[in-house]
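Since the structure is predicted, the reported quantities are computational estimates derived from the model, not experimental observations.
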Amino acid sequence: MSAQELAQQLHRPVEEIMAAAHTIGEFVESPRKRTLESPTVNQIRAELDEPQTPAPIKPIPQWERRGTAPTRNTRGTSQAVLGSRFHGEPVLRRRDRFEPFRTESAHDGGLRETTDDVAMAWASASWSFFGFAEVEKDAWIAAGVQTTQAKKASLFREAGLLPSDLGKTLHGWSVIRRLNADESPRDIRQMLDREARKAA
């Protein structure tokens, strides 16, 4: 900052600013040169009995605040979860327990997550990309397909499966459980057709 700019801020003549700088031992060559650093400006303000201007406080960005870091949920790695410490202040803690894929009936409620699923941010766009209408998307999700699994739903549709087929049972196994066990959607469709012919 120059002495002239400081004089304009304080509504005082430049000569007073130059005299105050000389009093505190600061040599100012010219009122227009930018030679005054903020500590010097504060000393000149104190010499002239002017109030100090505090440095502006910058707000902390959202991503730097404690406990607001994004979490990743990838299979096979530990997952960051929010915990609390010291008066309810959120902190990040790691879940160290590995939870392997189970083939019991716990997964009959929906498809398991796989590595070819899309991120949540792209979930809605991926359904549109694979040509699903909003109604179709809702039907697949209600049947057990996760919102990030539009690609899987597209493969099921190509194999001839319908959302209502996912709730059916074939030889004691639900279709969802068979898909989680990596059975081919085409094979499952053929089995469903055979069962329908037998029933007719």
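The CZ atom of Arg45 sits 13.0 Å away from atom OG1 of Thr40, with the distance rounded to the nearest 0.5 Å. For the atom pair Ser184 OG and Met191 CE, the distance stands at 10.5 Å (nearest 0.5 Å). If you take CG on Leu48 and CZ on Arg12, they are separated by 4.5 Å, rounding to the nearest 0.5 Å. In this structure, CE in Met120 is found 9.0 Å from CD in Gln146, a value given to the nearest 0.5 Å. Expressed to the nearest 0.5 Å, how far CD of Gln190 lies from CG of Leu192 amounts to 10.5 Å. Taking CG from Leu155 and CD from Gln149, the interatomic distance works out to 11.0 Å, rounded to the nearest 0.5 Å.
Taking the ring centre of Phe132 as origin, the terminal cationic atom of Arg157 falls inside the region bounded by 6.0 Å and 45° from the ring axis.
Under the 4.5 Å side-chain contact rule for hydrophobic residues, Phe129 and Phe156 share a cluster.
Across every non-hydrogen atom of Ala123 and Thr147, the tightest pair is CB-O, 3.4 Å. Residue Val175 comes nearest to Leu170 through the heavy atom pair CG2-CD1, 4.3 Å, listed as atom of the first residue, atom of the second, then distance. For the pair Ala143 and Ile176, the tightest heavy-atom approach, listed with the atom from each and the gap, is O-CD1, 3.8 Å. Across Ala133 and Glu136, no two heavy atoms sit closer than the pair N-OE1, 2.8 Å. For the pair Ser126 and Ala150, the tightest heavy-atom approach, listed with the atom from each and the gap, is OG-CB, 3.5 Å. The shortest heavy-atom contact between Ile141 and Trp127 is CG1-CZ2, 4.1 Å.
Residues passing the salt bridge (Lys or Arg N to Asp or Glu O under 4.0 Å) test with Arg178 are Glu183, sequence neighbours excluded.
Proximity of Pro185 to Leu179: side-chain heavy atoms (C-beta onward) are separated by under 4.5 Å at one or more points. Between Glu195 and Lys168 the shortest side-chain heavy-atom distance does not fall below 4.5 Å.
Of the charged side-chain nitrogens involved, at least one lies within less than 4.0 Å of a carboxylate oxygen, so that Asp193 and Arg189 count as a salt-bridged pair.
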Please tabulate, for the side chains in residues 17-28, all donor-acceptor contacts under 3.5 angstrom to protein atoms that are two or more places apart in sequence or on a different chain.
{"unit_1": "Thr23", "atom_1": "OG1", "unit_2": "Ala19", "atom_2": "O", "d": "2.7"}

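Between the side chain of Asp138 and the backbone N or O of Val135 there is no donor-acceptor pair closer than 3.5 Å.
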